[in-house]
Engineer: 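Sharing a structure, written as structure tokens. Questions coming.
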Amino acid sequence: MSNLFAPTMKESPTEAEIASHNLMLRAGLIRQLSSGIYTYLPLGLKTLNKISCIVREEMDRVGGQELLMPAMQPGELWKETGRWDVYGPELVRFRDRRKRDFCLGPTHEEVITDLVRRELRSYRDLPVLLYQIQVKFRDEIRPRFGVMRSREFIMKDLYSFDTDREGMQNTYEIMYEAYCRVFERCGLQYQAVRADSGVIGGDLSHEFLIVAQSGEEKMMVCRACKAGYPEEEVSCSVCGTTSALEEKRGIEVGHIFQLGTKYSQAMNALFVDKDGSEKPIIMGCYGIGIGRTMGAAIEAYHDEHGIQWPWNLAPYQVCIIPVHVRTAEMVKIAETLYNTLQEAGYECVLDDRDLRAGHKFKDADLLGFPVQLILGDRSLKNNQLEVKIRSSDERVDINREDVLETLESIRKKSVHI
RNA sequence: CGGGGAGUGGCGCAGCCAGGAUAGCGUACUCGCUUGGGGUGCGAGUGGUCGGCGGUUCAAAUCCGCUCUCCCCGACCA
């Protein structure tokens, strides 16, 4: 950690009004460049990448193919769908040197549809699922809550292309399940809720919310069948029970849509069906806010001391804390332990800084590593070390040779999939 | 965009109303000693265009005008 660029702060910056924003700044995960525009520092990027990896794996698992589209998009495409006029000032627009209209993509329906209409001709090419994890730009009226609503943000957006509505609905269900796995693997409590499809357009739509007290959105969840409903929908539950609705709050991190032919029709993205007739491709689109998921995770898991990362999202799972680095013996044992864990596949940091124990403890708590391995003089003599679980504050002394076994059992308890 | 608030060493703030000497406090940082299991104690030190431009005045962080930025509340969103 002496080499780690993770500037922590003891005091809270004034601008951060909510826990996740405050902690991301204090723990040195992000720094603000401008309103709604943030730099991810090394630790913040680590977690961001963890979320991206999980998302990527789950998209690939259901047949998604990753590509990368440009952020800079010609206005022409947006005029084709009419969204150049509809989207409003949230769309970041500019002209190039030849005075052609361009924008920075807030979403990529136009670009992907343009790609697909050029390359996909036959029903034999379908269905296809294409996605990217990429930076998006939305000139929000009011950016707020740090990375939760920023003007530049990382989003996974997948677009599906089917030959008919049944195919699209099938894809939708598969994606729904994939989303459930993503959030489970992140170690987050989530809730899917029926939603309006808004500006994006289309028919059926669900939002995925991370359950958190501080969430901006209210929802009603059926205690029996776990189905979620928007607050305003007082309709009863699908499973028939009427009185078992519970109000919960959440943070929207994902949204899935059945688009139908809204874009394919407007942009003339057609395929030739079995019977030889040309039909518009049936589309769906599926977003996950990567940075927002990170913020929501902190919002859901923190205490007065700092972050409590779920195992799979932690920048490092283990923090080794020698209470001092004054003796060669202590340093050697700490380094040996570090190497042992590295070889065993644990991501760990060694707090080799020449600081007082209290300072290191405070930092480790703030940064939220799931496990702290504390090396003190007393336990050292007995060939022991102290294991502290961040989320429960549970502490036990174990023999040093049992460390891998102990970590493995902690990992098993923390991770479900 | 409407309503509210704030810009003063890295961070958190005081000073401004009632203009005046070297712009102050906490923290962080550097050095020395000290301490060593929950942000040690003492001492010394570095670091400031007081957001910017213009004006009033013998004199502006302080008064006036313009402007930029940031934050909070509302409509919108991953």
Side-chain angles (χ1 to χ4, degrees), chain A residues 7-18 21-22 25-26 28 31-37 51 55 86-91 105-108 133-158 179 182-183 195-200 205-210 216-217 250-257 285-296 304-306 321-327 330 351 353-367 372 374-380 385-386 388 393 395 397:
Chain A
T8 59
M9 290 185 279
K10 193 156 78 174
E11 291 173 280
S12 295
T14 32
E15 71 263 24
E17 294 268 319
I18 65 164
H21 188 195
N22 186 304
L25 289 168
R26 287 221 293 137
R31 285 292 182 264
Q32 179 169 332
L33 177 64
S34 183
S35 176
I37 301 177
I51 298 169
V55 169
V86 179
Y87 220 95
E90 201 175 301
L91 184 63
T107 175
H108 281 70
I133 295 172
Q134 192 234 20
V135 64
K136 297 281 188 274
F137 298 86
R138 292 183 193 175
D139 196 357
E140 290 285 343
I141 296 166
R142 184 152 98 82
R144 65 177 116 175
F145 303 145
V147 300
M148 299 286 251
R149 185 183 309 156
S150 48
R151 297 195 290 172
E152 178 178 327
F153 59 98
I154 308 290
M155 178 168 143
K156 184 281 301 179
D157 46 327
L158 182 146
Y179 269 47
V182 165
F183 298 119
D196 289 332
S197 28
V199 196
I200 313 265
S205 158
H206 282 88
E207 290 179 354
F208 282 78
L209 312 181
I210 300 304
E216 278 196 280
E217 280 192 59
I251 300 159
E252 184 187 347
V253 293
H255 206 152
I256 61 179
F257 303 87
C285 82
Y286 308 82
I288 292 179
I290 306 290
R292 185 180 280 189
T293 299
M294 180 169 164
E304 68 271 29
H305 302 295
I321 307 175
V323 296
H324 64 76
V325 289
R326 286 194 308 279
T327 63
M330 178 65 91
D351 196 342
R353 298 175 297 175
D354 186 14
L355 295 175
R356 301 175 63 84
H359 194 142
K360 297 189 189 185
F361 294 150
K362 290 284 185 192
D363 265 354
D365 286 350
L366 176 62
L367 292 167
Q372 295 171 21
I374 300 159
L375 296 166
D377 285 320
R378 286 189 296 274
S379 55
L380 219 63
L385 56 77
E386 180 181 332
K388 172 179 163 175
D393 201 32
R395 297 147 195 263
D397 289 320

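Just so you know, these numbers come straight off a predicted model, no measurement behind them.
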Engineer: Can you pull every protein N or O that's under 3.5 Å from an N or O on nucleotides 8-12 of chain B?
Structural biologist:
unit_1: B/rC11; atom_1: O2; unit_2: A/Glu11; atom_2: OE1; d: 3.4
unit_1: B/rG12; atom_1: OP1; unit_2: A/Thr14; atom_2: N; d: 3.2
unit_1: B/rG12; atom_1: OP1; unit_2: A/Thr14; atom_2: OG1; d: 3.2

Engineer: Quickly work out the A/Leu380 CG to B/rG36 P distance and round it to whole Å.
Structural biologist: 18 Å
Engineer: Mind checking what makes ring-ring contact (aromatic ring centres under 6.0 Å, His included) contact with A/His206, not counting sequence neighbours?
Structural biologist: A/Tyr172, A/Tyr176
Engineer: Can you find an N or O donor on one side and an acceptor on the other, under 3.5 Å apart, linking the side chain of A/Arg326 with the base of B/rG36?
Structural biologist: yes
Engineer: Distance check needed: B/rU69 C1' versus A/Arg151 CZ, whole Å only.
Structural biologist: 11 Å
Engineer: Under 4.0 angstrom, heavy atoms only, what part of the nucleic acid is A/Ser34 near: base, sugar-phosphate, or nothing?
Structural biologist: sugar-phosphate
Engineer: If I take atom CD1 from residue A/Ile288 and atom CD1 from residue A/Ile256, how far apart are they, to the nearest 0.5 angstrom?
Structural biologist: 9.5 Å
Engineer: Go through the N and O atoms of the side chain of A/Arg292 and the base of B/rC77, and report whether any donor-acceptor pair is under 3.5 Å.
Structural biologist: yes
Engineer: Look at all strands and tell whether A/Val323 reaches a base, only sugar-phosphate, or nothing, counting heavy atoms closer than 4.0 Å.
Structural biologist: base
Engineer: What integer number of Å spans the C1' atoms of B/rG55 and B/rG9?
Structural biologist: 28 Å
Engineer: Could you check A/Asp363 against A/Glu17 and say which one's nearest nucleotide on RNA chain B is further toward the 5' end?
Structural biologist: A/Asp363
Engineer: When you compare B/rG51 with B/rC70, how far apart are their C1' atoms, in angstrom units rounded to a whole number?
Structural biologist: 10 Å
Engineer: Of the nucleotides B/rG74, B/rA78, B/rG36, which has the atom closest to the A/Glu252 side chain?
Structural biologist: B/rA78
Engineer: Does the side-chain ring of A/Phe361 sit on the six-membered ring of the B/rG37 base, less than 5.5 Å centre to centre and under 30° in tilt?
Structural biologist: no
Engineer: To the nearest 0.5 Å, tell me how far A/Glu207 CD sits from A/Phe257 CZ.
Structural biologist: 8.0 Å
Engineer: Using a heavy-atom cut-off of 4.0 Å across all strands, would you classify A/Ile374 as base, sugar-phosphate, or nothing?
Structural biologist: base
Engineer: May I ask you to say whether A/Glu252 pairs ionically with A/Arg149, meaning some side-chain N is under 4.0 Å from a carboxylate O?
Structural biologist: no
Engineer: What distance, rounded to whole Å, do you find between the two C1' atoms, one in B/rC73 and one in B/rG54?
Structural biologist: 34 Å
Engineer: Please give me the minimum heavy-atom distance between A/Lys136 and A/Met155, naming the atom from each residue.
Structural biologist: CG-CB, 3.8 Å
Engineer: Go through the steps for A/Asn22 and A/Glu17 under the test side-chain contact (heavy atoms from CB on, under 4.5 Å), then give the verdict.
Structural biologist: CA-CA 7 Å; A/Asn22 186 304; A/Glu17 294 268 319; over 6 Å; no
Engineer: Once you round it to whole Å, what is the distance between P of B/rA75 and CD of A/Glu216?
Structural biologist: 9 Å
Engineer: Shortest non-hydrogen contact from A/Asp377 to A/Met330?
Structural biologist: OD1-CE, 4.0 Å
Engineer: OP1, OP2 of B/rC76 versus side-chain N and O of A/Arg138: anything below 4.0 Å?
Structural biologist: no
Engineer: What is the nucleic acid contact for A/Thr327, judged by heavy atoms within less than 4.0 Å: base, sugar-phosphate only, or nothing?
Structural biologist: nothing
Engineer: With rounding to whole Å, what would you report as the distance between B/rU27 and B/rG19 at their C1' atoms?
Structural biologist: 31 Å
Engineer: Have a look at A/Gln32 and say if it touches a base, only the backbone sugar-phosphate, or nothing, with a 4.0 Å heavy-atom cut-off.
Structural biologist: sugar-phosphate
Engineer: Could you tell me the separation between the NE2 atom of A/His255 and the P atom of B/rC77, rounded to a whole number of Å?
Structural biologist: 9 Å
Engineer: Between A/Lys362 (NZ) and B/rG36 (C1'), how many Å, whole number?
Structural biologist: 17 Å
Engineer: Between the side-chain atoms of A/Arg149 and the base atoms of B/rC76, is any donor-acceptor pair under 3.5 Å?
Structural biologist: yes
Engineer: Using the test salt bridge (charged side-chain N to carboxylate O under 4.0 Å, His left out), find all partners of A/Lys388 that sit at least two apart in sequence or belong to another chain.
Structural biologist: A/Asp365, A/Asp393
Engineer: Just checking A/Asp157: base, sugar-phosphate only, or nothing, at a heavy-atom cut-off of under 4.0 Å?
Structural biologist: nothing
Engineer: Using a 4.0 Å heavy-atom cut-off, does A/Arg31 contact any base of the nucleic acid, only the sugar-phosphate backbone, or nothing at all?
Structural biologist: nothing
Engineer: Which value, in whole Å, describes the distance between the C1' atoms of nucleotides B/rU67 and B/rA21?
Structural biologist: 32 Å
Engineer: Any chance you could encode RNA chain B as dot-bracket? Rule is Watson-Crick or G-U wobble with both distances under 3.5 Å; [ ] for pairs crossing earlier ones, | for another strand.
Structural biologist: ((((((((.[[[[.)....(...]]]].(((((.......))))).....[[[[[..)....]]]]])))))))....
Engineer: Rounded to whole angstrom, note down the C1' distance from B/rC50 over to B/rU62.
Structural biologist: 10 Å
Engineer: Between B/rG12 and B/rC72, how far is it from one P atom to the other, in whole Å?
Structural biologist: 14 Å
Engineer: Is any N or O donor-acceptor pair between the side chain of A/Asp377 and the base of B/rG37 shorter than 3.5 Å?
Structural biologist: no
Engineer: Regarding A/Asp354 and A/His324, is there a side-chain donor-to-acceptor distance under 3.5 Å anywhere?
Structural biologist: no
Engineer: Looking at A/Ser35, I'd like to know whether one of its side-chain N or O atoms comes within less than 4.0 Å of OP1 or OP2 on B/rC71.
Structural biologist: yes
Engineer: Please work out if A/Gly254 contacts a base, only the sugar-phosphate, or nothing of the nucleic acid, heavy-atom cut-off 4.0 Å.
Structural biologist: sugar-phosphate
Engineer: Only counting residues at least two apart or in another chain, list the ones meeting salt bridge (charged side-chain N to carboxylate O under 4.0 Å, His left out) with A/Arg144.
Structural biologist: none
Engineer: Could you say whether A/Gly291 or A/Gly376 is positioned toward the 5' end of RNA chain B, judged by the nucleotide with the nearest heavy atom to each?
Structural biologist: A/Gly376
Engineer: Nearest-Å distance, CZ (A/Arg378) to P (B/rG36)?
Structural biologist: 13 Å
Engineer: Partners of A/Pro143 by side chain to side chain contact (heavy atoms under 4.5 Å, CB included), sequence neighbours excluded?
Structural biologist: A/Ser35, A/Glu140, A/Arg151
Engineer: Say we look at B/rC1 and B/rC76: how far apart would their C1' atoms be, to the nearest angstrom?
Structural biologist: 12 Å
Engineer: I want to verify a distance call: between B/rA78, B/rG38, B/rA28, whose nearest atom is closest to the A/Ser150 side chain?
Structural biologist: B/rA78
Engineer: Any base atoms under 4.0 Å from A/Asp139, or only sugar-phosphate, or nothing? Heavy atoms, all strands.
Structural biologist: nothing
Engineer: Ignoring backbone atoms, test whether A/Arg144 places a side-chain nitrogen or oxygen under 4.0 Å from the OP1 or OP2 oxygen of B/rC71.
Structural biologist: no
Engineer: Which atom names give the shortest non-hydrogen contact between A/Ser205 and A/His255, and what distance separates them?
Structural biologist: OG-NE2, 2.7 Å
Engineer: Check the distance between B/rA78's C1' and A/Ile133's CD1 and give it to me in whole angstrom.
Structural biologist: 13 Å
Engineer: Given atom CG of A/Asp397 and atom C1' of B/rG37, what is their separation to the nearest angstrom?
Structural biologist: 12 Å
Engineer: Would you name the heavy atoms of A/Ser379 and A/Ile374 that are closest together and state the gap between them?
Structural biologist: OG-O, 4.3 Å
